[in-house]
Amino acid sequence: MKITKVEAIPVRQKTNIALINDSAQDGIIIKVYTDEGITGYGEVDSAPWVVKSIIESPSSHRICQGLGEMIIGENPFDIEAIWNKMYVGSTFYGRRGVVIHAMSGLDIALWDIVGKALNKPIYQLLGGAQRDKVRAYASTLMPYTPEEAYAETKKWVDHGYTAIKLGWGGFEQGNREIVELVKASRAAAGSSVDLLFDLGFIPSDDHPIDAASRRQLIKELEPYQPYWIEEPLYPDDYDGYRKLADSTHIRIAGGENETTFFGFRELIEKGGVDVVQPDVTRCGGLTEAKKIAQFAQAHHVTCVPHAWSSGIVVAASLHLVTAIPNGSLLEYCVAETPIRQELLQSDVSVVDGYAKITDKPGLGIELNEEALEKYRCDR
Ligand code: MG
């Protein structure tokens with residue numbers, strides 16, 4: 001089998017993009033075609049038009065090549081070799097960041113092709129199922145007032161979720177407001193629901209983003225029993241992460257902005273985080289995510305992939321979590337954007353707070369081509 005064509009299709013919701021932290025407002029869908037009629041799907045949660053350029057760019061020289069050119073003509077079964085070819089062939093301008101993001105989308109599409117060719121779901125290719133269902137956490141933005149935080153939390157408890165994450169949004173206001181929002185959320189959830197809080201790293205006058213300020217804040221949040229505190233610091237502040245992790249019994253989570261095994265090695269060894277969150281559409285795809293999860297496992301660290309875009313990243317993450325022993329939760333983005341809600345013919349289904357694992361081949365998804373055309377935004 002040979003790869004014949006690669007398509008990178010930016011999508012964008014029709015209404016204005018708001019500068020909130022909702023990366024499901026736009027996206028880029030990847031299609032990889034083969035000479036045997038099998039098409040693989042992938043996605044990248046990054047800057048869509050930058051990713052498109054990296055995939056479609058003509059090659060410059062040996063270690064400065066466009067990703068698309070590098071993989072056309074390759075056998076999609078050679079996933080690991082293709083990954084290394086792209087990594088080495090883009091060394092001059094890649095190694096981390098958006099080039100790895102772009103590679104991730106192509107890598108996911110290759111796994112989809114191989115699964116379809118073998119008539120097996122991806123989790124079986126990754127080593128098989130460690131569990132028959134995965135607890136999903138409803139992932140949503142934190143509103144700006146305690147009353148709204150209460151209502152938002154209650155809404156997802158009533159939907160049957162036993163774990164809920166609220167992040168960014170209202171957390172930008174300041175430490176006093178953060179404590180009040182968390183308190184309201186806990187009041188709505190009762191004691192038996194796990195609440196995850198994503199602080200993000202938006203500085204304000206009363207809370208600089210450093211370990212000392214965050215240590216003080218987390219101390220104030222401890223009475224409300226957060227299951228984890230996510231990204232309390234800038235991604236490069238590994239020393240700060242270590243200080244925080246050593247100072248509280250609350251789990252510290254991070255890694256959605258990290259790419260490659262090398263990045264996660266820093267976060268785990270230097271940062272000492274309790275939970276790593278590789279985004280399979282950014283960290284280097286399923287190929288790299290599996291290595292990251294294994295490295296985390298060797299350090300007794302839990303791996304819960306970050307997933308906040310279309311249903312493709314949710315499906316790919318579900319395959320990964322199903323197959324890794326140190327996976328525990330699936331991030332289930334409940335944002336009501338068209339990119340999140342409409343691009344697939346059917347989404348991963350969550351029943352009573354658990355995601356159902358599919359036995360369909362590959363990713364087990366079908367694109368809604370009509371929606372893809374509707375939101376396509378080539379610019
Ligand atoms: Mg986050």
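Start at 1 and go down the list; that is how both ligands and their atoms are numbered.
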Option from Phe197, Trp228, Trp156 for which ring pair (Phe, Tyr, Trp, His ring centres under 6.0 Å) with Tyr137 holds: Trp228
Atom name of the N, O or S atom in Glu256 that lies nearest to the Mg ion (ligand 1): OE1
Heavy-atom closest contact (Ile324 atom, Arg131 atom, distance): O-NH1, 2.9 Å
Shortest-distance N, O or S atom of Asp198 relative to the Mg ion (ligand 1): OD2
Test of ring centre spacing under 6.0 Å for Phe295 and Phe261: yes
Aromatic plane relationship, Tyr234 with Phe201 - under 30° parallel, 30 to 60° tilted, over 60° perpendicular: tilted
Name of whichever N/O/S atom of Glu230 is nearest to the Mg ion (ligand 1): OE2
